[in-house]
Structures are given as structure tokens and as C-alpha cells.
Amino acid sequence: MKLDFSQPYDFKKIEDGIYRKWEESGYFNPDKLPGKRKKVFTMVMAPPNITGSLHMGHALEYTLSDALARYKRMQGYKTLWLPGTDHAGIATQNAVEKELKKEGLFRHQLGREKFLEKVWAWREKYGHIIIQQLKSLGVSADWSRLRFTMDQDYQKAVAEAFIHYYEKGWIYRGERTINWCSRCATSLSDLEIEYKEEDGKFYYIKYGPLTLGTARPETKLGDTALAVNPKDKRYKKYVGKEIEIQSVDPSIPREAEPKLKTIKIKVIADPAADPEFGTGVIKVTPAHDIADFEIWQRHPEVPITQVIGPNGRMSEKAGIRYRDLKVVEARKQIVEDMQKLGLLEKIEEYKHNVAHCYRCGTMIEPMLSQQWFLKMPELAKLAIYNVKKGKIKFHPKRWEKVYFDWLKNIKDWCISRQIWWGHRLPVWQHDPICIPKSGGENNFEDCALWQASLNEPKCRKCLAGFHQSEDVLDTWFSSALWPFAALGWPMKTGDLDKFYPTDVLMNDRGIINLWDARMIFSGLEFMGKIPFRVLSVHATVLTREGQRMSKSLGTGIDPMELIAKYGRDAVRFAIIWQAMGGQDIRWSEDALIAGKKFLNKIWNASRFVFSQSQSPDKIDFAQKPRPQTNDDKKIMANFQKNKKIISRRLESYEFGPALRVFYDFFWHDFCDQYLESSKKQVQDPKLKSNTGRILIYILGNSLKILHPFLPHITEAIASEKFGLKNNLLIAESWPR
RNA sequence: GCGCGCGUAGCUCAGUUGGUUAGAGUACUUGCUCGACACGCAAGGGGUCGGAGGUUCGAAUCCUCCCGCGCGCACCA
């Protein structure tokens, strides 16, 4: 490629082709970087989902990471930025199911194996799109080390981790009321649900002598007790007694008029009942409410009735009157029935937060089911201790609080999911568990084994045969191993030796607990070392109006469109320009204009400088010229000063301020002032050649400093016009 | 309910431990096509720094309260 400085700056002509040069050089691979490079710098990329296409959040994260990686590379570090993609269990499965639906297919019609074939085919087809998009941003990751969280080796790592926990006795199987998404047909952890405030109704229902309030009257069919606060004097006389109440008879067919039925229900005392709220009486529905389940654990004598099925419809046990109705339909029906029978005292309007699936938005149905759990107390302790001791630094520090708050009140992690796409649990089991329900933790040893210990394919207790668990692991269980599993763990690889622990992890605040915390305790547990030294939590990109960018809301901005319109470097400029710290960014198109103008400025300043030296060869700019005039002294000193500030800013992950400082120097000090005075200086034969050297020196070194931010234009100019030790700017050393 | 963050020029944002006429980008006004660049240069208009108190010789910067916006967490029956 030949640069034509007689033409105005055109990003299309300049940027294309640069990326290929870098890839061909091999410099993204730390082992192929020139020079001695004793110091090592490592980052792992937060692996994007294979379902995804690049959004502004990615563009921000990867641009900042890339700037850091390039800076460190130039600083002489053996720099590894390890890329990958995530299989993203539920998200990907949903995407493929949607695709199938277009053909009128449903995953159960295909069966597990066929369905997984479809997912792999889908991954082949779409999984690389995001990689291409990353490349068009200029991401300097080592693609030769690209990993996928469902690679063969990675699957081994996940199984190894599971077995490790299993042998420690930290994995158990239990029957619990968990968050259930009836659309995805799987359990979800607490971190995988989102609350939305919704208008609802609050129903006051007569229970014999008592009245209680509830937002979910349909779960009344699964009530097995009433609870009051032990200190509540109003209800003291009922505690421990069974009371007789009139209730709706669920055995009357739906077509017929509702009838009353007399049932008995026990009143228990439990601190979970708040005397201040409602009437102070609550119904206990352990199978469909997580808080009620916890009450049940304190009162195991209370029976459990499951009246809602995994499909989100009322079950057999709800009685023929309600059976098969969707939850909301059943609610309508039972309210109507109770009204007719005079059981409903009053209805109030109220607002409350309703849980939804974070992947598909369906309302969460708490549901009793058998799941696998990982005990968290010891792991949480490790994670807290190491951050408290400062082994891992959070930037900005305030995010530590979010991390500590979660870990301090940690609950055991529900790690099983009832989907097909993911890491299948390496356990062989029979269903249901034959140990009697105790409410506590089930001793599952007799009911499940991991493969290696499976010499007796029958349960010692009930003699039932074993089969491999149908469940897969929570996606985050495998992501938690990323910093070391991506480097080859559990094998003892050279990479693991060289590159673990990593230096910096950069990501959005939304996954501090979902991912970062889990990497921290996993790293400590399996490697005995923290997975990264610094967690840099970057801003979230919002719309100009301050809304969340989202495809479904139509508020998203596609970075690829911006790149097509403004070019890669201009988009990077706009991102970094606005990345002023942890503060959220209200995306402003003005920054793109500023970027465009700045690139034009660089181009034209270069044109001027090169017009001063007609050397046909590549120009040497390594020699530091001696300043002669006052203007010479000023520009040389200013360059030194600003270079130092940039380094300091970058070391503390202040990308925006770093860029702005140098923008100011380059535009005003160098172009507006020195370039202008140089025009006079070159008239003087005594100053002419030295002035030329200063122009070259400042320009060449400015391109170096701007390279982490604007890699394409700087590389294009420098690698063509300047004599570089390794032919490319990317492998040059940072100015001294 | 608890916690966190934010409210500074029309718009998007800086403003490091309190200290001279509060800055940048963008937009706007005027002049300038002089051999890097009109995606430019030079000059300029525009802010009682959300509000009210307080500390101080001095506060956008520290303290208290209030108002507005955003986010996170909570056993929300």
C-alpha cells in the first residue's frame, strides 16, 4: 500500500489492509513478539456469546482493552490478550429454538442428540461473526489461542472442577424451591433473574377466623399451613393448633358453580411473618415460594403440595377445577370463585416487584424441584479475604461493595439447569432421590456417583439403576474457570506457568458477581492464586437520552454501522474520548465528529512534515534532536511532559483523560504553534535541518503514543514512512 | 426500605488533595481561501456550577437538609 498525501484523508483507503499486516506479523502472539521481553502482561477477554453481534458495550470494552494491550506491548511486555467465545447455555439454546420454530419444530421433537447437532451447526454458521467484528475494531488478541467454552479440553476442565468440588463434599443434590422459568424450562440462580415493578392486586382472603393478604391467590391451592409472628399477640391462641376453615372445593368441575369445602389447616409461629404487613398472617406455600420453602425448612412437619407444574400450568394436585389452567387464568378463576362464595374480603391495588427470566423475560415461577447445589461458605470466605487484603484491586473501588454485599449473604449456588446445550453434569444418578426428604441437605452418595467411582451401576440403597444426569451446568460455572482453563488447566501447560495470574480484567458492572466473583473463588480454589490483579469496571454505554441501549427497545446503536460511516479509528476515538471513568456514557455523535476531524489533522500534519524532508528512504526518528530556538525547547519539553502524563493515566485505566491530554498537545502545541513557527525557522539555513529533525521526532513519537488509541492511521503512516526496527509500529517501543 | 452514582455553557462531558477572570468537544457568531488541514486558522458570544443553609480569608470542590434523574440490593407474603 502506498500512501498518497496529495489526497485528503480517506479512512477507507487507509484502514483496510492494516489488520492483515498485523495478523501476518504474528505480533498478537506474545511468543512471536520481537525483543527480550522479560516482563509479561496478560488479559483474558470476557468471551462474547456465540449468539451475539457486537453492541456498543462490547465496542467500549474491547476498545479500551485493546488500547491497554497495545500500550503494554509497546512498553516491552510479552503481552497476551487471550480471546474466546462463550457457549452461553440458555441464550444460545433459545436462539436455536427460535430458529427451529420458524420451521415449525420444537426441540423435544428432535430429541437431545439431534437438537445438539443443530446447535453445533448453528455455532459453525454464526459463531465467528462476532470474531470478525472484533477484528474490524482492531482488536489485537492472540487468535492462535482462541478458545471456546465447549471445546473438548474445556469440557474436561469443567468436569475436573465439578469432581473436585464433589470430592470435597461441596456439591449436593437437593429438593428445593428454586426460580423456575417455564419458557426456558429450567432452574435459574438468583443472579439470573430480574425484578420489574408491576401493578398488581392484593387480595384479602378469609381463612376461618383469620384473614390474610396475598398477591397470588392461586397458590392458595398449595397452602399447607398459616404462619404468624411468634410475638404477635393477636394470633397467639391459634399457634400450634389446626383450625377449621371454609375454602373453595377444587374437585368441582369448572363448568359447575363453585362450592365450599371445610378443610383443616395448621397455624405455626415463624419470624418470617411481619406483624406490620397486611394482616400479619401469611399462608405457607412451600412448593411455590422460596421464602415459604425456608419456613418449611424450619417446620418440616408441614406437608408440601405442588400445584403448579414445570410448564407453568396448574397441576393435577390443584384439583380438576383448576388443572391445566395457566397461572394467571387460575388466578382469575379462583378469585371469581371466592367472590361468589364470599371468601374474598377486599381487593387492593398495589405495586410490587415481579421476577422475570433474564434471558427471555418470562415471569419466574418458584417451583419445588431436584437440583444440584454448590456449597458457598468456604469459597465466599476465600473470595472476600483476598479482596479485603488488597490482592485484587477494584477500579473504581466502590464496586467492591457490590461484591462484598453479595458474598456476605451468599446462598448455595444452584448449578444445574434443565436445558440441553451446555456441560452435562458428570454424575450418574437415579431419580428421584431415595433418601427421605429431610429439608436439610440430602446425602446423595447412595443416589449419585461420578463416573470414575461407578463400578456398581446400582444404588446401594434401593437398587435402582443409574443413568447420567440429564442436567447441564449453569453457564457461569464454566465461565468461572476461564482465566486458567483457557490457558490449559487442568493440564500443566507452559502457558499456565507463564501467563497466570492475569493482570487486568475489564468488564461491565453487571457481571461483578455473576462472573468476576466466581472467577475469583475458582482461581483461588483451583490455582491457589487470584485470577487477575486488577478488576477494571468500565462505564455502561447509554443513549443520548440516558436510556439503556437495547435491541428490543430499538435504542441500540450498531457499532458496525458507525465503523462503516466514520471508520474504525474514529469509532475508537469516540469511545475513548467519552470514557472518562466509571461514569456512564450518554453516547454522543459529536465525539465521532471530533474523531473524524482529529484523524484529518493527523493526516495533514504528517503531510506537512513529510513535505519538509524529501528523503526517499524511510525516515529515522529515533535520534533525539537538540533544541535550538525557544520554540524548539518548548515543544520538546511539552512532549516529554505530556508523554509522562499519558503513561500515568493509562496505568490507572483513565483512557479518556489520556487521549484528551495528547489530543490537546498534538493539535494545539504541535500543530497550531510549532508547525507554524517551523515555517519561519526553515527559512533560516542555520535552523532548517534541525527544525526538520524536530518535526520528524515529534510526529514519529506522537504516532507511537497515539497508536494504542488510533492504531490504524498511526500504523499506516509510521510503517510506511518511518524506519521501524520491526517494520510495524505495533511492535515498536514506547517513547523514552 | 437500604445502598451507590449523577445533576457544571444549547447538547455530551472535564474540573485531581478548596485558591487568581470555571474548561474541552460539538453547535453558534464574525473575519480569513496566506503553500499541512475550510474536517482549517484567528477572534468571540454563551454558565448566579440543581436548590437552601453552614464551615472558611476564600467552595463547583468540604458538611447538613431538600428537589430531580439513573442504577443495584432486599425473605416485597
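Below, chain A is the first sequence line, B the second, and so on; all start at residue 1.
Distance check on atom P: B:rC28 versus B:rU20 gives 33 Å, rounded to whole Å. B:rG31 and B:rC49: their P atoms are spaced 34 Å apart (whole Å). Taking the C1' atoms as reference points, B:rU26 lies 12 Å from B:rA9, given to the whole Å. One P atom belongs to B:rC62, the other to B:rG44, and the distance between them is 32 Å to the nearest Å.
Of the listed nucleotides (B:rC4, B:rG25, B:rC37), B:rC4 has the atom at the smallest distance from the side chain of A:R398. Comparing B:rC71, B:rA14, B:rC37 by their closest approach to the side chain of A:R548 singles out B:rC71.
For the residue pair A:T540 and A:D508, a side-chain donor N or O sits within less than 3.5 Å of a side-chain acceptor on the partner.
Atom P of nucleotide B:rA36 and atom CD1 of A:I698 are separated by 19 Å, given to the nearest angstrom.
Ion pairing between A:K196 and A:E194 fails under the 4.0 Å rule for side-chain N and carboxylate O. In summary, A:D584 and A:R548 do not engage in a salt bridge, as defined by a charged side-chain N under 4.0 Å from a carboxylate O. With salt bridges taken as basic N to acidic carboxylate O contacts below 4.0 Å, one links A:D405 and A:K401.
You'll find the ring centres of A:F202 and A:Y204 inside the 6.0 Å limit.
Of the two residues near RNA chain B, A:K401 and A:E545, the one whose nearest nucleotide lies more 5' is A:K401.
Taking every heavy atom of residues 206-224 of chain A and every atom of RNA chain B, pairs under 4.0 Å involve A:G213, A:T214, A:A215, by number.
With sequence neighbours left out, the side-chain contact (heavy atoms from CB on, under 4.5 Å) criterion links A:A272 to A:D270, A:I295, A:R298. Judged as a side-chain contact (heavy atoms from CB on, under 4.5 Å), and not counting sequence neighbours, the contacts of A:K597 are A:I593, A:W667.
Considering only side-chain N and O atoms, A:R660 lies nowhere under 4.0 angstrom from the phosphate OP1 or OP2 of B:rA24. Phosphate proximity of B:rC34 to A:K679: absent, as no side-chain N or O sits under 4.0 Å from OP1 or OP2.
Pairs engaging residues 206-216 of chain A under the salt bridge (charged side-chain N to carboxylate O under 4.0 Å, His left out) rule: A:R216-A:E218, A:R216-A:E365 [sequence neighbours left out].
Base engagement by A:E676 is indicated by at least one non-hydrogen atom pair under 4.0 Å involving a base atom.
The cationic group of A:K721 does not satisfy the cation-pi geometry with A:F621, failing either the under 6.0 Å distance to the six-membered ring centre or the 45° limit from the ring axis.
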With the criterion being N/O to N/O and under 3.5 Å, what pairs connect the protein with nucleotides 73-76 of chain B, and how long is each?
{"residue": "B:rA74", "atom": "N6", "partner": "A:N353", "partner atom": "ND2", "Å": "2.9"}
{"residue": "B:rC76", "atom": "N3", "partner": "A:N353", "partner atom": "ND2", "Å": "3.2"}

What protein N or O atoms touch nucleotides 38-43 of chain B N or O atoms at under 3.5 angstrom, if any, and at what distances?
{"residue": "B:rC39", "atom": "O2'", "partner": "A:N600", "partner atom": "OD1", "Å": "3.2"}
{"residue": "B:rC39", "atom": "O2", "partner": "A:K596", "partner atom": "O", "Å": "3.3"}
{"residue": "B:rG40", "atom": "O3'", "partner": "A:K601", "partner atom": "NZ", "Å": "3.1"}
{"residue": "B:rC41", "atom": "OP1", "partner": "A:K601", "partner atom": "NZ", "Å": "3.2"}
{"residue": "B:rC41", "atom": "OP1", "partner": "A:W667", "partner atom": "NE1", "Å": "2.4"}
{"residue": "B:rC41", "atom": "OP1", "partner": "A:D672", "partner atom": "OD1", "Å": "3.2"}

